[in-house]
Every structure is written in structure tokens, then in C-alpha cells.
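Below: one structure, written as C-alpha cells.
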Amino acid sequence: MQLLEQRILQNGNVLGENILKVDSFLTHQVDYQLMKEMGKVLADAYRDKGITKVVTIEASGIAPAIYVAESLEVPMIFAKKHKNITMTEGILTAEVYSFTKQVTSTVSIASKFLNENDHVLIVDDFLANGQAAKGLIEIIQQAGASIAGVGIVIEKSFQDGRQLIEDLDVPVSSLARIEKFENGQVVFKEADL
Ligand code: 5GP
């Protein structure tokens, strides 16, 4: 998606070897107009797939996911990151290793929000090694729901996430695909959308 790629080139900052900071429009301050445009493009790719729920993970997946949900006119559910879960009844959980925080946390969704009649689109801000998306897939499968695909805002294609998710037979569509960082600059490869 050209608008997003331009914005990454304008406002993204490469940190170290493999982190892109996009806190001025996506992960901290949020540009709702860009989110709305992105939401529509992701939604259009899945509009005829019978999606009943959009699922993401807090916190920075929520902004893009809500606009995908709005465009598809379905609810958005975000998985919560709990440090301590004392009540397990009625909660679907998965262990997720966070690429940016370098800790493993238990993420959860209340089972009442997903069931075997649901056909789910997963949305997230970044795809790196695929652990967040894999955790969401596990939770959705526990609920007996089916998964249409994973829609990603920014995929870092030099990491293993896409392969991991496609190996689980879940298709991945990304609005921007980063091939590499070169001298602190972002180099794109052709995106899916
Ligand atoms: P994965 O689980 O695919 O390894 O990493 C995806 C998660 O880590 C995303 O939900 C996102 O929050 C975070 N993440 C991964 N790479 C980056 C990055 O380069 N920049 C930012 N801001 N977040 C990232």
C-alpha cells in the first residue's frame, strides 16, 4: 500500500538491526485517517470471505484492527496480556514471546466472544517472528472457530513470521513488506495489498 510505504519512509526510524519505530502514526500516536484507509484495504481483501470477527492483540494491533472491523461491520476482539491469571474458567489462553519486550506472556480472550460459528480475520501492526499471530491462531482454534487469514500492517520479511504462519496453513496479507534495512534506510519488497 503506497500511502503506508510513503509514511514509513517519511516518519519511520530504524533502530538497531531489526526494529522499525513508527510511534508517530501507528504504535503510540495514531493517525486515524491512515488507519481508516488501511482498514478499508485490508477489509476489501477479505470482504467476500464471510468474516464474523476481527481478532488482534493489545496494544498496538487495536488501532488498525478496529478500522478493519468497522469496514467489515463485525466486532473486533483484542487478546489481553495478563501477568497473572487467577481465573482460568471461560478464558482461552496462549503463551506468546514478545519480540520487542523479550518476555513471554500469557495472552487471553474470554471464550464467550468466540465460537465454532466464527470465521476470523487476525490483524496486527507488525509481523516479525510470528509469535503473536501464532498465539492468536492457537486461541481461535481452541474456540473451534476457523481462520480466514492474517492481515498485517508492516511485515519484516527478513524475519521468519510469514513462513511460520503459512506453515500453519493460514494465509498472510501485508500492506507493507520490508525486505531489509540498509544503512538505517527501509528497503521494501512488493506488498500483497
Ligand atoms: P512477532 O510476534 O511476529 O515476532 O512480533 C510481532 C509483535 O512484536 C507485534 O505485535 C509488534 O507489537 C511487535 N514488533 C515486532 N517487530 C516490531 C518492530 O520492528 N517495531 C515495532 N514497533 N514493533 C514490533
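Throughout, numbering of the chain's residues begins at 1 and tracks the sequence. Counting starts at 1 for both ligands and their atoms, in listed order. These values consider heavy atoms only, across backbone and side chains, with no hydrogens, waters or symmetry-generated copies.
- From Ile77, atom CD1 reaches atom CZ of Phe113 across 7.0 Å, with rounding to the nearest 0.5 Å.
- A donor and an acceptor atom, one from each side chain of Ser146 and His119, are located under 3.5 Å apart.
- Contact record, Ser71 with Lys40: OG-CA, 3.9 Å, taken as the closest heavy-atom pair.
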Under 3.5 Å, N/O to N/O: give me all the pairs between ligand 1 and the protein, one per line with atom names and distance.
from     : atom 1 : to     : atom 2 : distance (Å)
ligand 1 : 2 (O)  : Gln131 : N      : 3.0
ligand 1 : 2 (O)  : Ala132 : N      : 2.8
ligand 1 : 3 (O)  : Ala128 : N      : 2.8
ligand 1 : 3 (O)  : Asn129 : N      : 3.2
ligand 1 : 3 (O)  : Gly130 : N      : 2.6
ligand 1 : 4 (O)  : Asn129 : N      : 2.7
ligand 1 : 4 (O)  : Gly130 : N      : 3.4
ligand 1 : 10 (O) : Asp124 : OD2    : 2.9
ligand 1 : 10 (O) : Asp125 : OD1    : 3.2
ligand 1 : 16 (N) : Lys156 : NZ     : 2.8
ligand 1 : 19 (O) : Leu20  : N      : 2.9
ligand 1 : 19 (O) : Lys156 : NZ     : 2.8
ligand 1 : 20 (N) : Leu20  : O      : 2.7
ligand 1 : 22 (N) : Leu20  : O      : 3.4

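- Side chains of Ile140 and Ile122 form a contact here, defined as non-hydrogen atoms less than 4.5 Å apart.
- Closest approach of Phe25 to Met35, counting heavy atoms only: O-CE, 3.1 Å.
- Smallest separation of non-hydrogen atoms from Tyr46 and Pro171: OH-O, 4.2 Å.
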